[in-house]
Chemist: 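Okay, handing you the structure first.
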Protein chains: 2
Amino acid sequence: MIDRLDGRLIELLAEEPRIGVLEASRRLGVARGTVQARLDRLQSQGVIRGFGPQVDPAALGYPVTAFATLEIKQGQGTDVRAHLASVPEVLELHTTTGQGDMLCRLVARSNADLQRVIDKVVGFDGIVRASTAIVMENPVPLRIIPLVKQASED
Amino acid sequence: MIDRLDGRLIELLAEEPRIGVLEASRRLGVARGTVQARLDRLQSQGVIRGFGPQVDPAALGYPVTAFATLEIKQGQGTDVRAHLASVPEVLELHTTTGQGDMLCRLVARSNADLQRVIDKVVGFDGIVRASTAIVMENPVPLRIIPLVKQASED
DNA sequence: GGCACTGCTGGGCAGAATGCCCAGCGAAGA
DNA sequence: TCTTCGCTGGGCATTCTGCCCAGCAGTGCC
């Protein structure tokens with residue numbers, strides 16, 4: 001899928017996103033055109049989805065994160081999805097194995113505010129039951145580099 | 001925390017990360033220096049953590065995602081954290097309310113491979129019990145823009 | 001009222017990077 | 001042997017960046 005040069009390029013971009021193609025080619029010891037071609041390929045293959053800004057919810061005033069497991073009434077999946085998608089505090093939603101189960105990531109302004117968010121999330125007809133786990137620590141923040149290294153060494 | 005201009009800037013960058021400061025200032029109808037100052041502030045405040053590449057694990061050959069809830073033996077937290085951090089397929093790890101509970105996001109090359117990953121994850125002394133939920137669909141991929149809009153309209 | 005401070009404007013400048021082009025070359029496969 | 005592919009190393013005009021400046025409006029303080 002990706003080779004070592006791709007891997008090194010992604011790592012380099014992850015460490016110093018500000019550097020341009022030219023600087024990257026210098027660091028990697030290859031020609032500029034090569035870096036450009038690799039980048040184009042990685043993006044068109046979908047390996048690199050983009051370079052959007054990584055926004056910290058805590059810095060926006062939402063320091064509380066929680067995960068909620070939802071049990072859904074049969075046949076209500078579509079409605080529930082639309083409902084959850086409309087709630088800004090729902091950052092992520094997955095449907096998982098086990099019928100009617102969904103897992104979503106929530107943020108809130110405070111523990112008290114989390115109650116409001118949960119009420120907004122579960123106050124919907126198709127949702128039968130919800131259990132919430134509040135995040136206390138985040139020892140491993142969302143990361144991808146170790147996986148990239150692994151993948152590039154095949 | 002952030003005002004409307006900040007919000008619009010973040011949205012713009014999220015939609016078209018490739019544009020530079022100059023083009024952004026044109027789109028937003030403000031001076032280039034203003035955009036530059038706002039960007040600097042957002043980054044130094046930590047609202048924008050960076051512009052690293054967003055890598056898709058599926059495109060790397062890891063199309064299977066799962067969430068695992070782990071129950072940890074008292075006092076083993078530190079060791080478990082270090083162990084999980086050393087596994088590339090662990091993309092994220094949180095400690096949550098409820099003593100000894102952790103939640104982690106895993107990826108694997110296939111459902112069969114997921115077994116290998118889970119064995120690697122839970123095959124560690126401090127972990128008492130683990131329950132895994134395989135992700136089938138991802139109706140709401142990790143997002144932040146709705147929250148940014150919300151936050152910028154205060 | 002007078003004053004300082006802050007943030008935005010609009011402009012200028014040299015230096016650097018980008019997007020795009022090309023010919024040459026070595027490795028791999030037909 | 002021939003063709004294809006990816007990488008190299010270079011050139012080119014255009015564009016953007018980082019950095020500077022003076023002017024000006026709004027705000028809060030004395």
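Reminder, nothing fancy here: chain letters follow the sequence lines and each chain counts from 1. Since this is a predicted model, take the numbers as computed values, not measurements.
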Chemist: Check the pair B:Phe67, B:Leu103 against side-chain contact (heavy atoms from CB on, under 4.5 Å), reporting the backbone distance first and the verdict last.
Modeler: CA-CA 7 Å; B:Phe67 287 92; B:Leu103 179 65; 4.3 Å; yes
Chemist: Answer yes when B:Arg38 and B:Asp3 have at least one side-chain N-carboxylate O distance shorter than 4.0 Å, and no when they do not.
Modeler: yes
Chemist: Distance-only criterion, 3.5 Å: show the donor-acceptor pairs between side-chain atoms of residues 136-147 of chain B and protein atoms not counting sequence neighbours.
Modeler:
unit_1	atom_1	unit_2	atom_2	d
B:Glu137	OE1	A:Arg81	NH1	3.0
B:Glu137	OE2	A:Arg81	NH1	3.2
B:Asn138	ND2	A:Leu93	O	2.7
B:Asn138	ND2	A:His94	ND1	3.4
B:Asn138	ND2	B:Val140	O	3.2
B:Arg143	NE	A:Val90	O	2.8
B:Arg143	NH1	A:Ala85	O	2.7
B:Arg143	NH2	A:Ala85	O	3.1
B:Arg143	NH2	A:Val87	O	2.7
B:Arg143	NH2	A:Val90	O	2.8

Chemist: Rounded to the nearest 0.5 Å, how far does CD of A:Glu92 lie from CG of A:Leu84?
Modeler: 12.5 Å
Chemist: Check whether any side-chain N or O of B:Thr97 sits under 3.5 Å from a backbone N or O of A:Ile134 as a donor-acceptor pair, and report yes or no.
Modeler: yes
Chemist: Are any of B:Gln36's side-chain N or O atoms less than 4.0 Å away from OP1 or OP2 of D:dG18?
Modeler: yes
Chemist: Roughly how far apart are A:Met1 CE and A:Asp154 CG, rounded to 0.5 Å?
Modeler: 11.0 Å
Chemist: Counting only heavy atoms and a strict 4.0 angstrom limit, can you tell me which residues of residues 44-52 of chain A come near DNA chain D?
Modeler: none
Chemist: Under the side chain to side chain donor-acceptor pair (under 3.5 Å) rule, what pairs show up with a residue in residues 56-72 of chain A, not counting sequence neighbours?
Modeler: A:Asp56-B:Arg49, A:Tyr62-A:Arg109, A:Glu71-A:Arg129
Chemist: Flag yes if more than 12 heavy atoms outside B:Lys120 fall under 6.0 Å of its NZ atom; otherwise flag no.
Modeler: yes
Chemist: On DNA chain C, which is the earliest and which the latest nucleotide, 5' to 3', with an atom closer than 4.0 Å to a heavy atom of chain B?
Modeler: C:dC8 to C:dG12
Chemist: Could you work out how much the helix from C:dG1-D:dC30 to C:dA30-D:dT1 bends, comparing the axis of its first five pairs with that of its last five, to 10°?
Modeler: 40°
Chemist: So how far is it from B:Ile118 CD1 to B:Leu114 CG, rounded to the nearest 0.5 Å?
Modeler: 4.0 Å
Chemist: Counting any heavy atom closer than 4.0 Å, what does A:Arg38 reach on the DNA or RNA strands: base, sugar-phosphate only, or nothing?
Modeler: sugar-phosphate
Chemist: Between the side chains of A:Arg27 and A:Glu23, is the shortest nitrogen-to-carboxylate-oxygen separation below 4.0 Å, so that they form an ion pair?
Modeler: yes
Chemist: Charged N to carboxylate O below 4.0 Å: is that the case for B:Asp113 and B:Arg116?
Modeler: yes
Chemist: Using a cut-off of strictly less than 4.0 Å between a heavy atom of the residue and any atom of DNA chain C, enumerate the qualifying residues of residues 11-35 of chain A by number.
Modeler: A:Gly20, A:Val21, A:Leu22, A:Arg26, A:Arg32
Chemist: In Å and rounded to the nearest 0.5 Å, what is the CD1 to CD1 distance from B:Ile72 to B:Ile127?
Modeler: 5.0 Å
Chemist: Got a sec: does the CG of A:Asp119 have more than 12 other heavy atoms crowding it under 6.0 Å?
Modeler: yes
